Amino acid sequence: MSTGPARKQTISERAMARAQSSGAGKNPDGSAPYLDDLNEEQRAAVVATEGPVLMLAGAGTGKTRALTTRLAHLLFTGRAQAWQILAVTFTNKAAREMRDRIAALVGPSVEGMQWLGTFHSIAAQILRRHAELAGLKSSFTILDADDQARLAKQVIEAANIDSKRWTGRGLAMIIDGWKNRGLTPDKVPANEAYFFADGKAIGLYKAYQARMTTLNAADFGDLLVHNLTIFQNHADVLAEYQNRFRYMLVDEYQDTNVAQYLWLRLLAQKHKNICCVGDDDQSIYGWRGAEVENILRFEKDFPGAKVIRLERNYRSTPAILGAASGLIAANTARLGKELWTAREDGEKVKIRGVWDGEEEARLIGDDIEAEQSKGRSLSEMAVLVRASFLMRAFEERFNMLGLAYRVVGGPRFYEREETRDALAYLRLIRSPDNDLAFERIVNKPKRGLGEKALQTLHKIARSQNISLMVASRQALESDDLHAAARRSLVNFLDTVERWARDAKDMAPADLAELVLEEAGYIEMLKNSKSPQAPGKLDNLKELIQAVSEFDTLEGYLDHVALVAERNENQTGGCAWLMTLHAAKGLEFPIVFLPGWEEEIFPSKRSLDEKGNAALEEERRLAYVGITRAEESVRISFAANRQIYGRWQAAIPSRFIDELPEKHVDVMSEPGLYGNTMGDLASHSRFDGEKLKDDAYYDNPGWRRARAAGARRASTPVQIEGSARAVSVSAPGRSKYKTGQRVFHQKFGYGVISLIEGQKLTVEFEHSGAKKVIDTFVEAA
DNA sequence: TCCGAGCCACTTTTT
DNA sequence: GTGGCTCGGA
C-alpha cells in the first residue's frame, strides 16, 4: 500500500498516531481519544456496537477509518476478545490493510484476530475443520478458475457432449453462477438449465461435483457452499460459530452474492451484532453474482437496523462530486446519498471529443507530460478504461513517448502458465493423487507422453477408480503402452517419488529449485526461442523467492491457493493505467476517463444481456471512475475507434449527456461528426468551435437533448434511439437511399445497402460492409 | 508426436 | 489485431 496508488492513510494518520500513543486511555472529559478525529457520523458508526448496523459510506468518506476504529473500539472497551470478532473483506489487500490499520490502533493484540480475512479464506478455514461433513478430507486442494474450466471440460467430454459447442469455461461459469446463489445440484431449478447442452447442465453439475469429491478438491464457490451445507445440516457446528462471533463486520457489502449473504445471515443469528459497510452506488460486480439487492434490503433482513450515512467526502472537489452525483441520480435502484465536501471549488470536469482512439491517446499523453512539467508526479495521474482492449492505444503511445506507466491488473502472477506448471510439480509431490497436476506436467517438458498415453492412463484410472499416478504404475505392468512411452513413464514416476522423499528434509525453496532443474523445465525455457522465455525464467526465480518465505511446502501451497496476488513490482514514478473495476478503492489527483462512447461505455454487451439493470451498473462504474479523482477529471470520447482491427464509428456516451452542465466544460474539435448535418445538429454540443461556456448549453441541439433526457428519466429502459444532442441527425427518415454512393472520411467510398433509421450499412470499396451513422457520410 | 496454417471470438474478473 | 484452439501433414 505504501507505494500503491491509494493514499488514503494521509487523512487519518494523525488520528492513528495519537490513538496508538494513548492506547485505551481517556481524555480528561472521559471520552476515548481515538474518537476525537472522527466526524460525527463516523463516530456514530464506531460506537453503535450493538445490533445490526448498515454503514452507507460514499466514495472518499473515510470508510476504512471508521471501520478499523470500530474494531479497535470493540477491543478497547472489552466488548469482545480478538478471536470473537469476524471481519470479512473481499480482497486480500483490503484484509491486509485493515489488519495493519487496526494494529496501528491496538498494537500486537491484532494478532489474535484470526477471523479477519476474505470470505474465501475464512470459509476455507472453517471447511478445513469440518471437511468430512462435506465429504472431503481436510487436506483438500483449492482449485482456481483455470482448473475449474479444465475439469468442466472433462466432465462435458465424459458425457459425450461436443466440447467445442459447449465449452468447459461456459459450464464452469454456469456452475459458478449457481454456487454464487448457494445452489447445490439438487436445488437448481430445473428450468434454469435448458439453454446449456440441451438442458444437461444440472447433470453435468452433479458429475462435476462428484469429480471434485474424488479429487478431494474444492473450487472457490464450493468453499462457501460447503459451509452453508454444513451449517444447515449440523446445528451444533453452526451454534459453535454463532456463539463465537459476538461481533461481525463486513466490508464492501454491496458486492456480496447470495451465498455470502446466507452465510452471514446464518452466523449473525445469535448475537445479531452485524455491521455491514458498503455503497450501493459502487456496486460494479453484478456480473459476478454480486447482488445490490443485499444492501438495498438490509433493513428488512435485519429488523431494527441502524443506518448510518457517511456523506462528507474528503477526497474530491465540489465540481467533481457534483458531476458524479448528477450522473448517479439517473439510477433508480439506490438508497440515496448526497456527498458533500468542505473543499474549495476546483476546476470543472473536462470533456473532450476527438477524432479517433489514437488521437485520444496522443492528447492524454500530452496532457500527462504537461502536468509533469508543471511539477506533478506521474504517479498522481491515472487513465481508467472500461475494458482492457482500450489500454493498447495508451501503451503504444506511452512507449513512444518514453512515458513511464504501470498497468494494474492483467495476468496475475499465479495465473501465469509457468507458475502454474511449477506449482503443479509441487502439488503432485505433496499429493500424488492430484490428477489435475499430473495431467498438467506429465508431458511438460515433452517426454513423449502425449495425448495417446494419457488416454490410456485415464482409461485405467477410471475403470478402477484410482489416481493417474497409481494407474501409471499399473500401466507399466501391462502392454498398453509403447516401449518408449513406458521407459519415459518409469523415469518420470521414479523421479517424482524421489522428490517426494527429498521433500521431507529439504527447505521448500531448495526443493522447488531442484525440481524445476531436474524436470528439465528450466532447460526447456532456456532452449526456447520464444521471446517470452526469459521473462518466464525470471518469474520462476521470483516463485522460488516466494517459496523461500515459507517453512513448509504445505504452508506455501495453501497460501498460493487463496492469495492469487498480482505481481506488482514496485517502481515509483509511473502513471497508472487500469480498468475502472481495478480502480475501485483507489484515488488520484488527476483522472483521465477515455472511451466514453455508446456501445463501449455503457458496454453494448452488458446492455444486450441484462438491459436496464446493466445500464445502472455501467452508470455506477462511471460514478466510480469520476469519484476516484481528487482535483481533476478529464473525460474523452472518440468519433472513430479501431476495435479488433476494424474501424467503427461511435457516438458519445449517454453518460456524458447526464453530467450536470454546470460542472462540466466541453472542448470539442470542429467537424467531428461531419459537416453534412441537418439544422438541429449543426450546433450540437460537440460540434463547432469553442464557444463561451454558457453558450454551449443554449442552443437547439442541447435543449433538445435536455428534453430527451427528461423524458428518459421517466422511462428507464431506453437503450437505443433516444434523441440526444450527440446523435446529431433527425430520427426517422434518412436523407439517403439504398444503392446511393457515399463518402466516409475514414472508409472512403461505398454504396448503401441497408438503412435502419439513422444507421446505414454501407459496402465500402476498400473496407467492406460497415454500419455507420448517416451523418458520418456525405453523398458522393 | 510435433508444428504450422487457418479459424474463431473477443468486457469487466476481488477469490 | 491477437491469441487460443483445432486439424492436417511431416
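Order of the sequence lines sets the chain letters (A, B, ...), proteins ahead of strands, with each chain counted from 1. On a predicted model such as this, the values are computed, not experimentally measured, just so you know.
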Worksheet item: Which part of the nucleic acid, if any, lies within reach of A:Lys584 when heavy atoms closer than 4.0 Å are counted: base, sugar-phosphate only, or nothing?
Response: nothing
Worksheet item: At under 4.0 Å, does any side-chain N or O of A:Thr579 touch on OP1 or OP2 of B:dT13?
Response: yes
Item to complete: Write down the distance between CG (A:Leu223) and P (B:dT14), rounded to a whole number of angstrom.
Response: 16 Å
Practice prompt. Classify the nucleic acid contact of A:Leu384 as base, sugar-phosphate or nothing, counting any heavy atom under 4.0 Å across all strands shown.
Written response: nothing
Worksheet, complete the sentence: In whole angstroms, the gap separating P of B:dT15 from CG of A:Asp176 amounts to 14 Å
Practice prompt. Have a look at A:Asp255 and say if it touches a base, only the backbone sugar-phosphate, or nothing, with a 4.0 Å heavy-atom cut-off.
Written response: base
Fill in: Which residue lies more 5' along DNA chain B, comparing A:Asn443 with A:Glu618 via nearest heavy atoms
A:Asn443
Worksheet item: Going by heavy atoms in the side chains, are A:Leu56 and A:Ile295 under 4.5 Å from each other?
Response: yes
Item to complete: Ignoring the backbone of A:Arg169, work out which of B:dC2, B:dT15, B:dT13 is nearest its side chain.
Response: B:dT13
Worksheet item: Would you call A:Lys584-A:Glu252 a salt bridge at under 4.0 Å N-O?
Response: yes
Practice prompt. Can you check whether any acceptor in the base of B:dT15 is under 3.5 Å from a donor in the side chain of A:Arg288, or vice versa?
Written response: yes
Fill in: Set of residues satisfying side chain to side chain contact (heavy atoms under 4.5 Å, CB included) with respect to A:Lys444, sequence neighbours excluded
A:Glu417, A:Asp421, A:Tyr521
Worksheet item: Can we say A:Arg440 and A:Asp147 salt-bridge, meaning some charged N sits less than 4.0 Å from an Asp/Glu carboxylate O?
Response: no
Worksheet item: Does B:dT15 have OP1 or OP2 sitting under 4.0 Å from an N or O in the side chain of A:Asn92?
Response: yes
Worksheet item: Are the charged groups of A:Arg386 and A:Glu618 less than 4.0 angstrom apart, N to O?
Response: yes
Practice prompt. Output all residues satisfying ring-ring contact (aromatic ring centres under 6.0 Å, His included) with A:Phe655, sequence neighbours left out; order by chain, then residue number.
Written response: A:Phe601
Response to the item:
Across all chains, not counting sequence neighbours, the salt bridge (Lys or Arg N to Asp or Glu O under 4.0 Å) partners of A:Arg641 are A:Glu360, A:Glu597
Item to complete: Mind checking A:Ser388 for me? I need base, sugar-phosphate or nothing, with any heavy atom below 4.0 Å counting as a touch.
Response: sugar-phosphate
Item to complete: Would you classify A:Tyr285 as touching base, sugar-phosphate or nothing, given that sugar-phosphate means primed atoms plus P, OP1 and OP2, and contacts are heavy atoms under 4.0 Å?
Response: base
Fill in: Shortest non-hydrogen contact between A:Asn294 and A:Tyr253, atoms and distance
O-CE2, 3.4 Å
Worksheet item: If you check every side-chain atom of A:His581, which of B:dT14, B:dC2, B:dT13 has the closest atom?
Response: B:dT13
Could you tabulate the donor-acceptor pairs under 3.5 Å formed by side-chain atoms of residues 216-227 of chain A, not counting sequence neighbours?
unit_1	atom_1	unit_2	atom_2	d
A:Asn216	OD1	A:Lys137	N	2.9
A:Asn216	ND2	A:Ser139	OG	3.4
A:Asp219	OD1	A:Lys179	NZ	3.2
A:Asp219	OD1	A:Gly221	N	3.1
A:Asp219	OD1	A:Asp222	N	2.8
A:Asp219	OD2	A:Lys179	NZ	2.7
A:Asp219	OD2	A:Tyr208	OH	2.9
A:Asp222	OD1	A:Lys179	NZ	2.8
A:Asp222	OD1	A:Gln209	NE2	3.3
A:Asp222	OD2	A:Lys179	NZ	3.4
A:Asp222	OD2	A:Asp219	N	3.2
A:Asn227	OD1	A:Trp263	NE1	3.1
A:Asn227	ND2	A:Ala123	O	3.0
A:Asn227	ND2	A:Leu223	O	2.7

Worksheet, complete the sentence: To the nearest angstrom, the CG-P distance between A:Leu586 and B:dT14 comes to 13 Å
Practice prompt. Please assess A:Lys610 against A:Glu617 for the test salt bridge (Lys or Arg N to Asp or Glu O under 4.0 Å), listing each intermediate value before the final yes or no.
Written response: CA-CA 10 Å; A:Lys610 291 176 107 184; A:Glu617 182 154 316; over 6 Å; no
Worksheet item: How long is the line joining CG of A:Asp144 and P of B:dT15, in whole Å?
Response: 12 Å
Worksheet, complete the sentence: Nucleotide by nucleotide, nucleotides 1-7 of chain C touches protein heavy atoms under 4.0 Å in the pattern (B base, S sugar-phosphate only, - none) BS---SS
Between the protein and nucleotides 8-10 of chain C, which nitrogen or oxygen pairs are less than 3.5 angstrom apart?
none

Worksheet entry | A:Arg605 side chain, from C-beta outward: closest of B:dC10, B:dT14, B:dC2 | B:dC10
